Structure formats: structure tokens, C-alpha cells
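On a predicted model such as this, the values are computed, not experimentally measured, just so you know.
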Amino acid sequence: MQKRTNEVTMKGNPVTLLGPKLKVGDSAPDFTVSDMALKPVKLSDFKGKVKIINAVPSVDTSVCNAQVHHFNVEAAKLKDIVIFSVSVDLPFALNRYCAAEGIDAVKVTSDYKDLDFGQKYGVVIEELRLLSRAVFVIDKNDKIVYVEYVKEVATEPDYEKALAAAKAC
């Protein structure tokens with residue numbers, strides 16, 4: 001497994017990311033995560049659609065909560081774009097979170113089981129077994145058209161750039 005250092009910090013402290021650093025133009029790796037009912041969800045289930053993948057460490061933190069809420073509002077407005085939120089929070093906790101917070105337009109998923117998404121997209125924080133904050137936009141042909149590995153995990157991503165990339169597909 002590839003290890004990457006000096007790319008991301010968490011509260012100012014460097015962390016090690018596991019997996020490749022994906023870039024614009026790469027083919028989006030297929031992955032399997034779990035939905036809130038513990039059923040598998042694959043990227044390939046959404047072939048032919050534009051996809052935004054919103055990776056967060058945990059919905060139980062204020063920044064992640066704000067990020068999921070922001071994308072939930074946007075997802076309600078976008079008809080042909082699928083927005084995923086992926087964390088390693090357990091599906092049971094995600095179900096409770098979505099019910100309490102009114103999250104209903106984003107596909108909230110968990111990578112708790114195998115870290116399949118996290119390892120393929122290079123966002124697993126080795127020291128914590130959490131996902132680093134990142135946003136990926138994937139076009140209808142499963143090519144990556146936008147990537148942001150957020151440099152400081154405790155800050156929000158650039159929503160406008162990600163959304164503009166998705167709308168341009």
C-alpha cells in the first residue's frame with residue numbers, strides 16, 4: 001500500500017495517507033461501500049451519471065456536519081448529479097445522524113468494512129483509520145474531472161470549484 005506524507009495535516013499535525021494520489025484525467029476506481037441499511041453500494045451502480053464524492057472523517061464533527069449539510073442542500077437542487085458522502089462512521093450512526101439532521105438528498109455511505117473507497121482514492125489516514133477530507137468529481141464516463149485533497153483536515157473544501165466542475169460535465 002502506497003504511503004504519502006507531508007500532504008495533509010490534522011489540526012496542524014502531519015498525517016500519513018494510504019493509497020494513490022488521484023488526479024484529473026484518471027479513471028475513477030470502482031469501489032464498494034455500505035449504505036445505511038448495510039447494503040453494498042458501488043460507484044459503478046451510477047454509470048452514466050456525474051458523481052461528486054464527499055469524503056469526511058466523521059459526521060460527528062462540526063466541519064464534517066457543515067460539509068454534509070452544504071452538499072445536501074446542493075444535491076436537492078441538482079437533478080442529474082449524484083452526491084455521495086463517505087466516512088468510516090458505522091451505518092447505524094449515519095442513519096441516526098441523517099434522521100436527526102434532515103439529510104435526505106446526499107447518498108450517505110460508510111467505508112467502515114474494508115476501507116475500499118479510502119484505499120483506492122488515497123484518503124485513509126493511517127494513524128487514525130479515518131478518511132481524510134477530500135472531494136472528487138467524476139464525469140459520466142467515469143473520468144475524474146476535479147480533485148481536492150483538503151490540506152488541513154479541520155477545514156472545509158472549496159464547494160464552489162467542485163460544484164462548478166460537476167455542472168460543467
*asked:* For I53 and L43: C-alpha separation, side-chain torsions, deciding distance, then whether side-chain contact (heavy atoms from CB on, under 4.5 Å) applies.
replied: CA-CA 10 Å; I53 303 173; L43 181 69; 4.2 Å; yes
*Can F71 and Y159 be said to form a side-chain contact (heavy atoms from CB on, under 4.5 Å), step by step?*
CA-CA 8 Å; F71 277 118; Y159 300 112; 3.8 Å; yes
*asked:* Working note: K21 + R4, criterion side-chain contact (heavy atoms from CB on, under 4.5 Å); need CA distance, chi angles, decisive distance, verdict.
replied: CA-CA 8 Å; K21 184 173 186 175; R4 302 183 349 259; 3.4 Å; yes
*Please test D142 against K47 for salt bridge (charged side-chain N to carboxylate O under 4.0 Å, His left out), starting from the C-alpha separation and ending with a verdict.*
CA-CA 7 Å; D142 292 329; K47 271 208 171 307; 3.0 Å; yes
*asked:* Please evaluate residues M36 and C98 with respect to the criterion side-chain contact (heavy atoms from CB on, under 4.5 Å), reporting the C-alpha separation (whole Å), side-chain torsions for both, the decisive distance (0.1 Å), and the verdict.
replied: CA-CA 9 Å; M36 292 183 293; C98 289; 3.7 Å; yes
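Note: I138 CD1 to K143 NZ = 11.5 Å, rounded to the nearest 0.5 Å. Rounded to the nearest 0.5 angstrom, E156 CD and R133 CZ are separated by 7.5 Å. To the nearest 0.5 angstrom, M10 atom CE is 14.5 Å from K151 atom NZ. Taking CG from L128 and CD from E126, the interatomic distance works out to 10.0 Å, rounded to the nearest 0.5 Å. Atoms OG1 and CG, from T32 and D45 in turn, are 8.0 Å apart once rounded to the nearest 0.5 Å. To the nearest 0.5 Å, atoms NZ (K167) and CD (E74) are separated by 5.5 Å.
No side-chain donor-acceptor contact under 3.5 Å links E7 to the backbone of L17. S132 places no side-chain N or O within 3.5 Å of a backbone atom of Y149 that could act as its donor or acceptor partner. Panel note: side chain K51, backbone K49; a donor-acceptor pair is recorded below 3.5 Å. Checked by atom type and distance alone, the side chain of D111 pairs as donor or acceptor with a backbone atom of F117 at under 3.5 Å. A donor-acceptor pair under 3.5 Å links the side-chain atoms of N72 to the main chain of V106, judged by distance alone. No donor-acceptor pair closer than 3.5 Å links the side chain of Y121 to the backbone N or O of F31. A donor-acceptor pair under 3.5 Å is absent between the side-chain atoms of D116 and the main chain of V33, judged by distance alone. A donor-acceptor distance shorter than 3.5 angstrom exists from the side chain of E127 to the backbone of T16, with no hydrogens or angles considered.
Considering only heavy atoms from C-beta on, Q67 comes within 4.5 Å of P157 through its side chain. At a threshold of 4.5 Å between non-hydrogen side-chain atoms, the residues T5 and P14 do not count as touching. In this structure, E148 and K161 have side chains that are not in contact, with every pair of non-hydrogen atoms separated by 4.5 Å or more. In this structure the side chain of E101 never reaches within 4.5 angstrom of the side chain of V68, judged on heavy atoms. V108 has its side chain out of reach of F84: every pair of non-hydrogen atoms, C-beta onward, lies at least 4.5 Å apart. At least one side-chain heavy atom of I52 sits less than 4.5 Å from a side-chain heavy atom of I81.
Linking ILVMFWY side-chain heavy atoms closer than 4.5 Å, directly or via other members, places L22 and L18 in a single hydrophobic cluster. V150 and V8 are assigned to two separate hydrophobic clusters, defined by single-linkage of ILVMFWY side chains at heavy-atom distances under 4.5 Å. Cluster membership for I83 and V135, using ILVMFWY side-chain heavy atoms within less than 4.5 angstrom, is shared. Hydrophobic cluster membership differs between I103 and Y112, with clusters built from Ile, Leu, Val, Met, Phe, Trp and Tyr side chains linked at under 4.5 angstrom. Both I144 and V123 are part of a single hydrophobic cluster, where members link through side-chain heavy atoms under 4.5 Å apart.
Residues V145 and A165 come closest through the heavy atom pair CG2-O, 4.3 Å. Across every non-hydrogen atom of S34 and P91, the tightest pair is CB-CG, 4.3 Å. Smallest separation of non-hydrogen atoms from L94 and S87: CD2-OG, 3.9 Å. Closest approach of L131 to G118, counting heavy atoms only: CD2-CA, 3.8 Å. Listed here is the closest heavy atom pair of G12 and E152: N-OE1, 3.0 Å. Shortest non-hydrogen contact noted between Q2 and P20 is OE1-CA, 3.3 Å.
D89 and S110 share no donor-acceptor pair across their side chains, judged by distance under 3.5 Å alone. Side-chain contact of D30 with S44: a donor-acceptor pair under 3.5 Å is present, judged by distance alone.
The environment of D158 atom CG is dense: over 12 non-hydrogen atoms of other residues, nucleotides or ligands sit within 6.0 angstrom. Counting heavy atoms of neighbouring residues, nucleotides and ligands inside a 6.0 Å radius, atom NZ of K107 does not exceed 12 of them.
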